[in-house]
Amino acid sequence: MIRDYITADLAQALANAQRSSEIPAVEIPPIQLARGRVQGVDYATSIAMQLARTTRMPPAKIAGIIVKYLAENPDYTAEAINGYVNFSLSASYLGAQVEKILAEPSEWGKTKSGLGKKAQVEHGSANPTGYATIGSGRNVVVGDTLANTLEACGYELHREWYINDAGSQVRVFGASIFARYAQALGRYEPMPEKGYQGDDVIEVASELAKSKGDVYLAMPREQAVRELGLLGIAGVMTHIKATLARLNIRYDNFFSEKSLYETGQAAAAVELLRAKGLIVEHDGAQWFSEDGSPIRSGQARKRTSEDYSAAASAEQRLIEPGAAEGLVERDDLQEPAEKGKKPPIQVVIMRSAAVIPNPEERATYFCSDLPYAWNKVQVRGFNPAVYVWGEDHQADVDRVLAGARALGLPDGAVRIIIYRFITLLRGGQEVRMGKRIGNAIWIDDVLGDIGVDAFRYIMLSRSVDTKFAFDLDLLKEQSDTNPVYYVQYGHARICSIERRVQEEAWPVNMSAPVAVRMTSEFALVRKLLELPEIVETVAGLLQPHHYTTYARELAQAFSKFYDECRIKDSPPDVAGSRLKLARAARLTLAKVLALMGMSTPERM
RNA sequence: GUCCCAAUAGCUCAGUUGGAUAGAGCGUUUGCUUGCGGAGCAAAAGGCCGGGAGUUCGAAUCUCUCUUGGGACACCA
C-alpha cells in the first residue's frame with residue numbers, strides 16, 4: 001500500500017534530519033498519514049505540528065525540513081504548507097493504478113484484512129410470527145450489506161437467520177393459526193388472548209386449510225395447536241424468504257432456536273456457567289449473575305414503564321396522589337449501585353415453576369443467547385460473529401457480551417450493532433406498527449411503488465444510529481428522486497460509450513497508457529482509488545451508509561470527467577486513455593453497487 | 001432513577017484515526033445543448049455545528065455538564 005510506504009519514507013526523513021541535527025533528537029510520536037482534505041492532496045501528515053512543542057520549532061519550519069530530507073520518488077511529490085506535509089500522487093502512479101484495476105477487475109475492491117478467517121453476519125431474525133415488515137427491512141438490508149463487505153475483506157462469510165421458534169410466543173402464534181384455520185373451515189374458534197390479528201396469519205392458515213383439509217380439527221386440540229404452529233412458522237418463513245429474494249438477499253442457514261435445546265447445547269452452556277458459580281437461584285428462578293453475586297432485590301419485581309420515570313408530573317400527582325409515594329418505595333427497592341461502578345449483569349435464564357407452569361416455556365431468550373453465542377464462536381469458529389439488532393434489544397447487548405465473557409469467548413468475537421427503528425408516516429402522521437394488532441406494513445406492500453434498489457438505498461443512506469422517517473405517501477417520489485439512479489445512470493452511460501466504440505469503430509488506441517492530465521481526470525482516479533479504504537471503513541465501523549455517500553461522490557466525479565473529457569473525436573491515444581479510465585469507473589461503480597446489493601443496469 | 005441514541009444550511013442528512021476555507025442531496029436564484037445518454041455540468045444565496053465549561057498547538061469530532069427529542073431497562077415476546 002502506497003500509504004504504508006509514504007509513512008515509512010516519512011520516518012526515514014525524520015530520522016535523517018535528526019541525525020544531521022536539523023531537528024533536535026526528541027521522541028517522534030507515531031506518524032499518522034491522513035487523507036488529504038485539500039484539493040490535489042492525497043495524503044497529509046500533521047507530524048510537524050505535533051513536534052512543535054518538544055522541538056521548540058515552528059511547525060512550518062519542521063515541515064520544510066522534512067520535505068527536504070524526503071528522497072525523490074516518482075510516485076509522489078511532497079510539499080510543506082501551513083505546517084502540514086502534503087503528498088500528491090503523481091500522474092504516472094495514478095495512471096498505473098488504473099491499469100491495475102483493468103488488469104484484474106475481479107480483484108478490484110477486495111482487501112485482505114479477513115483472509116483466512118471466518119465471519120458470520122446474523123440478521124433478519126424476527127420472530128417467525130408474521131411476514132417481513134418494513135421495520136425488518138432496515139435490518140436485512142444493513143445486515144446483507146455488512147455481509148457483502150466482510151466478504152470483500154476476504155472473510156469466509158456465513159449469512160444466518162435465527163428463528164425464534166422456542167418459547168411461549170410460538171404457542172400463542174400456533175393458537176392463532178389454529179383459530180384462523182378452523183374459521184377457514186367454517187368452524188368458529190376464538191382467537192387467543194394477545195393473538196396475532198394480522199391478515200398474514202389468516203392467509204397462512206387458509207392455505208393450510210386448503211392443503212391439509214380438516215385433519216387438525218379431528219385431533220386433540222393441544223396437538224393440533226402445536227403441529228399447526230410449526231406448519232404456520234414454515235409457511236411464514238416461506239413467505240419471508242420470497243420477500244428476501246426480491247430484495248436480493250440470500251442466507252446460508254436458518255438457525256432454529258429450538259435446536260439449541262434439542263441438541264443439549266443450551267443445557268451444556270448453562271452447566272458450564274454453573275460450574276463457574278455464575279448461576280444463582282432466586283425466588284425459584286435461575287439467574288445468570290456475571291460475578292456470581294447474589295441477586296439484587298428489586299429486580300424480580302414486575303414494573304411498568306411509569307415506575308421508571310421519575311417524572312410523575314405535577315398533574316399526575318393531582319390525579320393519582322399515590323403515584324409519588326409509589327415511586328419513592330420503588331426507588332428504595334432498587335439497590336443503589338456503588339458510585340462510579342456498573343452493577344454486575346444479572347438476568348433470568350429460567351423462570352420459576354410458580355410463575356410459568358409449562359416447563360417448555362421456562363427458558364428465557366437470554367437462556368438461548370448463551371449457547372447460541374457459544375455455538376457461533378466456539379463450535380463454528382466465527383470471529384467476528386456480527387449480530388444486527390433493532391433498538392428494542394439495546395438492553396440485551398451488555399448481557400450477551402457479559403455472557404460471552406463468562407463463557408470464555410475471545411474478546412471482540414461477538415460484535416453487536418444496534419440500528420434505530422424507522423418511523424412510518426402516513427398522511428403526515430406516525431403509524432405505529434404491531435404484528436399482534438395486525439396493522440403491520442409489509443415490505444411486499446411497498447416494493448411495487450418503490451424499486452428494490454431505491455428501497456435498499458433509502459435503508460442504507462443513513463447511519464444506523466439515527467432513526468428516520470419513511471413516508472408511505474411519498475414512496476413514488478422517494479423512488480423517482482432517489483440518488484441510486486444517478487449512480488446507475490453513470491454506469492449506464494459508460495456502457496453506452498463502450499457499446500458505441502465497438503459498434504461504430506471509433507478510432508481508439510487501447511494500448512496507449514492511461515495518462516492523467518485534466519483536473520477532472522485526477523479527481524476521478526483519486527475517487528476510484530478510495531474504494532478499498534471505504535470497504536475497510538465500513539467493515540471496521542459496521543456502518544454501511546458510507547457506501548451511499550461514496551457512490552454518489554464517485555458518480556459525480558465521473559459526470560465531471562464525462563463533461564470535461566470527451567472520448568469521441570479525441571486523438572486515438574487520448575481516447576484510449578480516457579476510455580480505460582471510464583471503464584475503471586464503470587467497474588468501480590458496479591462494485592460499490594454490488595456491495596450495496598443493487599443492480600448495475602447497462603441501459604436505463 | 002439508570003443506560004443507549006440523536007441535535008450540523010429552509011428540509012433530509014454526510015462529516016473514518018481530533019487538523020487546513022464545515023460538505024452533499026432536495027428546494028430557491030442564474031448560466032451552459034448545431035457535443036460520447038440533460039436522470040447532466042457550472043455558479044450564487046443559505047451555518048454562533050443545541051447552550052456552557054474543559055483538554056489540546058488545534059474540537060462539529062474527545063471529557064464534563066445542562067437543554068430538547070427518541071428509545072431501552074419485566075420470571076413480556
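Chain letters run A, B, ... following the sequence lines, proteins first, then strands; residues in each count from 1.
- Here A:Y486 lies in heavy-atom contact (under 4.0 Å) with sugar-phosphate atoms only.
- Among the atoms of the strands shown, none is found under 4.0 Å from any heavy atom of A:A52.
- We find that OH of A:Y43 is positioned 16 Å from P of B:rU17, with the value rounded to whole Å.
- No contact: A:A354 has no heavy atom under 4.0 Å from any strand.
- Proximity of A:H393 to the phosphate of B:rC73: no side-chain N or O atom is located under 4.0 Å from OP1 or OP2.
- Residue contacts shown for A:V348 are limited to sugar-phosphate atoms, with no base heavy atom under 4.0 Å away.
- Rounded to a whole Å, the CH2 atom of A:W389 is 14 Å from the C1' atom of B:rC4.
- Cation-pi check for A:R462 over A:F468 is met; the charged atom lies under 6.0 angstrom from the ring centroid and within 45 degrees of its normal.
- When rounded to the nearest whole Å, the span between CZ of A:R35 and C1' of B:rU17 equals 14 Å.
- A stacked arrangement is not assigned to A:Y84 and the six-membered base ring of B:rG19, the conditions of a centre distance below 5.5 Å and an interplanar angle below 30° not being jointly met.
- Listed pair A:R53 / B:rC57 meets the phosphate criterion, a side-chain N or O lying under 4.0 Å from OP1 or OP2.
- The side chain of A:Q50 has B:rG19 as its nearest neighbour among B:rG19, B:rU56, B:rG70.
- Minimum atom distance to the side chain of A:R552 is reached by B:rA24, of the listed B:rC5, B:rA24, B:rA39.
- Proximity note for A:W506 (side chain, C-beta onward) versus B:rC36, B:rC5, B:rG37: the nearest is B:rC36.
- Counting atom types as modelled, A:N86 pairs a side-chain N or O with a base atom of B:rA20 as donor and acceptor under 3.5 Å.
- For A:S168 and A:S46, each mapped to the nucleotide of RNA chain B holding its nearest heavy atom, the one lying further toward the 5' end belongs to A:S46.
- In this view, A:F470 satisfies the ring pair (Phe, Tyr, Trp, His ring centres under 6.0 Å) rule with no residue, not counting sequence neighbours.
- Here A:T481 does not reach the OP1 or OP2 of B:rC26: none of its side-chain N or O atoms lies under 4.0 Å away.
- If you check every strand for non-hydrogen atoms under 4.0 Å, A:A582 touches nothing.
- Under the side-chain contact (heavy atoms from CB on, under 4.5 Å) criterion, A:K467 pairs with A:R420, A:T423, not counting sequence neighbours.
- In this structure, A:Q556 does not reach the B:rG40 phosphate: none of its side-chain N or O atoms is under 4.0 Å from OP1 or OP2.
- Side-chain nitrogen and oxygen atoms of A:H545 include at least one within less than 4.0 Å of the OP1 or OP2 phosphate oxygen of B:rG15.
- Between B:rG51 and B:rA60, the two C1' atoms lie 15 Å apart (nearest whole Å).
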**Message:** As a quick check of understanding, evaluate salt bridge (charged side-chain N to carboxylate O under 4.0 Å, His left out) for A:E504 and A:K568, giving each step before the final call.
**Reply:** CA-CA 11 Å; A:E504 299 169 21; A:K568 195 184 179 190; 5.2 Å; no
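- Using a 4.0 Å heavy-atom distance criterion, A:R3 is classed as a base contact.
- The residue A:S463 sits close only to the backbone: its heavy atoms come under 4.0 Å of sugar-phosphate atoms, none of a base.
- The phosphate of B:rU21 has neither OP1 nor OP2 within less than 4.0 Å of any side-chain N or O from A:R37.
- With rounding to whole Å, A:D392 atom CG is found 13 Å from B:rC73 atom C1'.
- Across all strands shown, A:M350 has no heavy atoms under 4.0 Å from either base or sugar-phosphate atoms.
- Between A:E79 and A:Y84, every side-chain heavy-atom pair lies at or beyond the 4.5 Å cut-off.
- Here B:rG37 presents its C1' atom at 14 Å from CD of A:E503, a figure rounded to the nearest Å.
- Dashed line: the shortest gap from a side-chain N or O of A:K194 to OP1 or OP2 of B:rC76 is not under 4.0 Å.
- In this structure, A:H393 and A:W389 have tilted ring planes: the angle between them lies in the 30° to 60° band.
- For A:T466, no side-chain nitrogen or oxygen approaches OP1 or OP2 of B:rA7 to under 4.0 Å.
- Taking 3.5 Å as the limit, the base of B:rC73 and the side chain of A:R399 contain no donor-acceptor pair of atoms between them.
- Rounded to a whole angstrom, the distance from the C1' atom of B:rC57 to that of B:rC11 is 38 Å.
- Within a 6.0 Å sphere centred on CD of A:E602, other residues, nucleotides and ligands contribute 12 heavy atoms or fewer.
- Remark: the A:S496 side chain and the B:rC36 base include no donor-acceptor N/O pair separated by less than 3.5 Å.
- Residue contacts for A:I567: at a heavy-atom cut-off of 4.0 Å it reaches a base atom on one of the strands shown.
- For CZ of A:R53, the number of neighbouring non-hydrogen atoms (other residues, nucleotides, ligands) closer than 6.0 Å is 12 at most.
- An aromatic stack links A:Y562 and the base of B:rC36, using centre distance under 5.5 Å and interplanar angle under 30°.
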**Request:** Would you sort out whether A:E533 and A:R35 count as a salt bridge (charged side-chain N to carboxylate O under 4.0 Å, His left out), showing the intermediate values?
**Result:** CA-CA 10 Å; A:E533 290 177 28; A:R35 269 252 155 228; 3.0 Å; yes
**Fill in**
Applying the Watson-Crick and G-U criteria (both distances under 3.5 angstrom) with [ ] for crossing and | for other-strand pairs, one obtains for RNA chain B (((((((..((((.....[...)))).(((((.......))))).....(((((..]....))))))))))))....
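- Rounded to whole Å, the P atom of B:rG19 lies 14 Å from the corresponding atom of B:rG58.
- A:S352 comes within contact range of at least one nucleobase, with a heavy-atom separation under 4.0 Å.
- Between A:A353 and A:D563, the residue anchored closer to the 5' end of RNA chain B is A:D563, taking for each the nucleotide with the nearest heavy atom.
- Contacts of A:R420 with the nucleic acid, taken as non-hydrogen atoms under 4.0 Å apart, include base atoms.
- With hydrogens and angles left out, the side-chain atoms of A:S368 and A:Y261 include a donor and acceptor closer than 3.5 Å.
- For the residue pair A:E553/A:T549, the side-chain donor-acceptor check at 3.5 Å is not satisfied.
- A:C565 comes within 4.0 angstrom of a base, heavy atoms only.
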